[in-house]
Participant: 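Structure provided below as structure tokens; questions to follow.
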Amino acid sequence: MDNSIVRFAVYDNTNFYKIELSRTLLHFTEFDFTYFWEQCIEAGKAARKTGRLPQNIVTGAKAAVGRAHPYIEACIGTDYSEIVLDCIIEYICHSERIGLEELWARCISPKNPYEEAIFRRISEYKANRAMNRWTSIVRLQEYAKNKMTFIFDTDDIGTILSDDTVRARKEYFDLALSVAANELGCSGNLLPSVKLLTPATLPNSAFVVGKVSKSIYRRFADELAEGRDLSAMEKRDCSKIRDQLAMEAYSYVKGMTRPNEIEMNFALEAIRENPAEIYYPDSLKATIDLEFELMVRDKIYMRKCENCGRFFTALDDNTRCDRVNSSGKTCRRQYEELVESISAKAGGARDGQGAVSQTEGNAYAENTETANITEISPVSSLIPPPEVREPVAVPKETEKRAQKLYNALYKRVNKGIDENEFKEWSQYLSNMKRNLKLGEASLKQYEEFLDYSDRLCREVKLASKNKTVHAPVEKPYDMSNPVGKTANNTEKAETPAETDGNDAANEISEEEFVEIAELSEKIEKKHAEKAASETAPKVPQVEGTVVSSDNVKVKPFMPQAFDSLYDAMQAGSSDDEDGGESAKKHGKPVEIKKPKWERLSREEAFKDNDKDEE
């Protein structure tokens, strides 16, 4: 049998439950009760509407909390049968900030079975016949964590504790609790305890070993039928007369003889099915203390992981656990891979130092066999020094050209070039200048970028004039990547000349593009004028009558804004189609005449209106 597994039994349960030393304790201290808590809250909300606790939710919540510890699972039908109701009571008191007395008084006249159950449970609290099992589990989880830290934690992570130190720490912690209980007036026989028994000496052994018990009963059935009934003693305090009760039962079997060989072999097979030793704890706290005691006895210790800081079972001298962390690997495996990578880099650095003589090689081999991993040179020493680059000198003419392009594009933001596109271009220009100073870019790449910027500027000017979006311009590099990567790239990038040569068949000249743009603009103007003439109100022209301006709605004039005088002259030359054509033919600017206004008196202004009324 595995020594790391022990069996225990509880009252009113014929099954045996196992404890895996250190694993059961770690599981309980790290167990998350969130799901159980949420199920209890859901059950409480449903009970407020229906007046009864939904049994399906209650059963699921009990199954969830039973997975926290084997003792809770064993007593889920007895001591922990009301744990869901205990959790609901705690939630009501915590959420509404009231005490048990106020909640008890609120349910003193219950309106439904739900309130009646709450009133009955709190009454058991008040009479010390029960306790809130939910709050007890939470406090015992904290107790187990603190005891584990007190016994196994060290000031320096990785320190291995001696057996005497571990036992002394464990006994000191238990003694401190006993002293506190004694000073508060609680004697030791009232504290939780554990008994070491065999299957035949358990309180319910007659039901645990049922097959053998039936054969024994058949032998003494007549004598036992005439015996005195002792069941009334269970309701009394019989702690002082236990031996007397045992001798009363012995008087009926003192003349017993050994059974025949067949019956004894039958009993032997039934007894072999059960463990030789059974622990009988009377509470969850006693079960936790039992696990600590057996761990110290069998020298099963815990250690805090250097990586994640959580406790784990220390089966060897390793200081890292086997839990899977955020990297998808265990802490131990992650550390081993780190050591292997450092060792591989150190070996590669030694191989790169060149050939050594035979004498030096033998001495080096002897030293490396006894070397520790901490003697490996740091990883930074294995990395070759960075290449020293000199800054690239930029001619003044090139700097002036770049500044001129920047100013030209800046003036046409949102008037031919999008703001985000300008920011991208400006950032690329700044990165290019910085990399020139660091020596990470060449002057040829800078000039290629300026050539691209010239083509972009011409397209933007044309689009600004035609009030459209500029045509796409082939970029020399991927402007979404840093410039420094382009400079160090081993692959050969295509130059603008090569790109233009490959796509020459699919491109049109700049003159053809301008003609197409002007033609499309004229067609759009003609359609706009035709639509305006159709929608405008038609006013009849009659001789000798004056057309009132109230009947005609004139759209107010909105002057167009320009960045420079040159842009205004260029736009003015194409605004008026007739005037522009005549200006081109005669070579003279179109003359603009000022309107002539005549001031009328009040009588003259209303003269025509008076005639109409007559």
Side-chain angles (χ1 to χ4, degrees), residues 1-29 31 62-83 129-131 133 136-137 140-141 143-144 174 188-217 230-231 233-234 238-239 242-243 245-246 249-250 253 266-298 300:
M1 176 181 276
D2 190 359
N3 294 329
S4 63
I5 298 178
V6 296
R7 306 284 176 170
F8 73 94
V10 296
Y11 180 72
D12 278 350
N13 196 326
T14 59
N15 297 321
F16 296 142
Y17 296 87
K18 67 178 182 180
I19 297 176
E20 300 182 37
L21 299 182
S22 75
R23 291 186 179 181
T24 302
L25 185 62
L26 285 172
H27 176 74
F28 177 67
T29 55
F31 190 81
K62 286 183 179 180
V65 74
R67 291 191 287 267
H69 198 276
Y71 184 85
I72 302 176
E73 180 185 1
C75 300
I76 199 65
T78 54
D79 294 345
Y80 292 92
S81 60
E82 301 291 340
I83 188 172
R129 291 189 299 171
M131 65 177 179
R133 292 290 178 177
S136 175
I137 290 178
L140 283 172
Q141 188 183 42
Y143 167 80
D174 293 338
N189 58 350
L190 297 178
L191 295 178
S193 60
V194 183
K195 297 178 182 179
L196 178 58
L197 305 173
T198 62
T201 58
L202 288 171
N204 54 347
S205 59
F207 303 98
V208 173
V209 194
K211 296 180 180 180
V212 181
S213 300
K214 289 180 180 179
S215 64
I216 295 173
Y217 174 74
L230 302 177
S231 59
M233 295 296 178
E234 293 184 359
C238 302
S239 60
R242 288 177 179 174
D243 289 343
L245 297 176
Y250 170 70
V253 297
F266 173 75
L268 179 61
E269 292 178 1
I271 291 173
R272 282 179 177 176
E273 295 177 357
N274 300 321
E277 295 180 347
I278 298 295
Y279 291 94
Y280 193 75
D282 56 7
S283 66
L284 178 58
K285 191 260 182 188
T287 311
I288 295 172
D289 291 337
L290 171 65
E291 188 170 0
F292 276 108
E293 178 64 30
L294 297 179
M295 287 170 59
V296 175
R297 183 197 67 181
D298 297 339
I300 301 176

Participant: So do T78 and V10 actually touch side chain to side chain, heavy atoms under 4.5 Å?
Facilitator: no
Participant: Ignoring hydrogens and angles, tell me if any N or O in the side chain of E291 forms a donor-acceptor pair with the backbone of S22 under 3.5 Å.
Facilitator: yes
Participant: Using modelled atom types only, decide if a donor and an acceptor are shared between the side chain of S205 and the backbone of T201 within a distance under 3.5 Å.
Facilitator: no
Participant: I'd like to check M295 versus L25 (side-chain heavy atoms, cut-off strictly below 4.5 Å). Are they in contact?
Facilitator: yes
Participant: Give a yes or no on whether the backbone of N15 and the side-chain of N13 come within a donor-acceptor separation of less than 3.5 Å.
Facilitator: yes
Participant: Between the side chain of Y71 and the main-chain N/O of S283, is any donor-acceptor distance below 3.5 Å?
Facilitator: yes
Participant: Determine whether L284 and I72 make a side-chain contact, defined as any pair of heavy atoms from C-beta on separated by less than 4.5 Å.
Facilitator: yes
Participant: Within a strict 4.5 Å, meaning less than it, do heavy atoms of the H69 and F31 side chains meet?
Facilitator: no
Participant: F8 versus V194: any side-chain heavy-atom pair under 4.5 Å?
Facilitator: no
Participant: Please check: side-chain N/O of K285 versus main-chain N/O of L140, any donor-acceptor pairing under 3.5 Å?
Facilitator: no
Participant: Side chains of S193 and D282: is there a donor and an acceptor less than 3.5 Å apart?
Facilitator: yes
Participant: Can you check whether L21's main-chain N or O pairs, donor with acceptor, with T24's side chain at less than 3.5 Å?
Facilitator: no
Participant: With the side chain counted from C-beta on, respond yes when Y279 and L294 share a heavy-atom pair under 4.5 Å apart, and no when they do not.
Facilitator: yes
Participant: Looking at R133, is its backbone amide N or carbonyl O close enough to the side chain of S136 to form a donor-acceptor pair, meaning the two atoms are under 3.5 Å apart?
Facilitator: no
Participant: I'd like to check P70 versus T287 (side-chain heavy atoms, cut-off strictly below 4.5 Å). Are they in contact?
Facilitator: no
